[in-house]
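First listed ligand is number 1; within each ligand, the first listed atom is number 1.
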Amino acid sequence: MSHAPRNREETLVLDKTQVDKKLQRPRLYRVLLHNDDYTTREFVVWILKVVFHKSEAEATAIMWHVHRTGNGRAGAYTREVAETKVAEVTQAAEKAEFPLLCTMEPEDTGDE
Ligand code: TYC
């Protein structure tokens with residue numbers, strides 16, 4: 001930015017592309033847990049605490065929401081972090097022989 005032109009009043013002049021770039025925020029992806037009949041409630045709460053850093057109370061509330069409604073949001077992260085969380089949940093579920101499904105999808109940007 002140090003080479004951006006300055007006008008006579010020595011204020012920084014930015015063209016539209018530079019302004020747009022300054023306003024960009026990374027797209028966030030929500031990570032979803034899906035209900036099933038076989039994964040234990042304890043395992044889901046444990047996943048929410050260990051992988052998503054939720055408190056016991058938050059983890060329990062999210063688990064019950066997923067159990068009642070079919071799915072629920074464990075958190076929202078940049079793409080690579082969300083991909084890592086999905087992989088961690090999937091690996092832990094496979095290791096424990098639970099069919100727990102974890103997916104990710106883009107969050108609404110909130111622009112316009
Ligand atoms: N429905 C499961 C049970 O009753 C509990 C459960 C909750 C499973 C959330 C998956 O993502 C899930 N044991």
Side-chain angles (χ1 to χ4, degrees):
M1 207 55 77
S2 59
H3 296 300
R6 286 169 182 275
N7 61 17
R8 262 182 297 148
E9 290 75 34
E10 288 291 294
T11 52
L12 197 60
V13 178
L14 299 177
D15 64 31
K16 181 163 188 307
T17 306
Q18 288 170 311
V19 172
D20 286 350
K21 194 159 187 191
K22 267 184 107 73
L23 293 173
Q24 266 177 27
R25 279 172 295 279
R27 180 183 268 283
L28 294 182
Y29 292 78
R30 56 175 160 266
V31 176
L32 298 173
L33 291 177
H34 299 262
N35 190 38
D36 67 73
D37 291 339
Y38 304 102
T39 305
T40 61
R41 299 197 300 267
E42 292 73 19
F43 183 79
V44 176
V45 170
W46 179 77
I47 283 285
L48 285 161
K49 287 164 71 175
V50 171
V51 177
F52 299 97
H53 308 294
K54 302 298 183 191
S55 67
E56 177 81 27
E58 278 179 303
T60 303
I62 295 169
M63 181 281 294
W64 281 120
H65 176 84
V66 176
H67 179 76
R68 274 190 288 106
T69 69
N71 62 61
R73 184 178 178 279
Y77 309 91
T78 54
R79 183 158 56 84
E80 282 195 299
V81 173
E83 281 168 354
T84 302
K85 304 269 183 210
V86 170
E88 285 173 351
V89 172
T90 304
Q91 262 190 32
E94 279 170 6
K95 187 168 177 211
E97 299 189 316
F98 287 129
L100 178 63
L101 178 64
C102 181
T103 61
M104 60 190 267
E105 63 185 35
E107 291 241 275
D108 303 330
T109 58
D111 298 350
E112 269 126 286

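- Between the choices D37, T69, D36, the shortest heavy-atom distance to atom 2 (C) of ligand 1 belongs to D36.
- Criterion: ILVMFWY side-chain heavy atoms under 4.5 Å apart, direct or through other members. Under it, L101 and F98 are not part of a common hydrophobic cluster.
- Protein heavy atom in closest approach to atom 4 (O) of ligand 1: H67 CE1, 3.1 Å.
- Ranking the protein heavy atoms by distance from atom 11 (O) of ligand 1 puts H34 O, 2.9 Å first.
- Remark: ligand 1 and N35 share an N or O pair separated by less than 3.5 Å (distance only, no angle test).
- For ligand 1, the polar-atom distance check finds an N/O of T39 within less than 3.5 Å of one of the ligand's N/O atoms.
- Contact annotation: for L100 versus ligand 1, heavy atoms closer than 4.0 Å belong to the side chain alone.
- The pair R30-E105 meets the salt-bridge criterion, since a charged nitrogen lies less than 4.0 angstrom from a carboxylate oxygen.
- If you chain together hydrophobic residues whose side chains sit under 4.5 Å apart, L28 and I62 never meet in one group.
- Side-chain contact between M104 and R79 is present, with at least one heavy-atom pair separated by less than 4.5 Å.
- Criterion: ILVMFWY side-chain heavy atoms under 4.5 Å apart, direct or through other members. Under it, L32 and V51 are not part of a common hydrophobic cluster.
- Among the candidates T84, V31, T103, L33, the single residue satisfying the side chain to side chain contact (heavy atoms under 4.5 Å, CB included) test with V89 is L33.
- For a threshold of 3.5 Å applied to N or O pairs, the pair formed by Y38 and ligand 1 contains no separation below that value.
- Nearest protein heavy-atom contact of atom 9 (C) of ligand 1 is V66 CG1, 3.5 Å.
- Between the choices V44, L101, I47, the shortest heavy-atom distance to atom 12 (C) of ligand 1 belongs to V44.
- For ligand 1, the atoms sitting less than 4.0 Å from at least one non-hydrogen atom of R41 are 5 (C), numbered in the order shown with element in parentheses.
- Counting heavy atoms of neighbouring residues, nucleotides and ligands inside a 6.0 Å radius, atom CD of E42 exceeds 12 of them.
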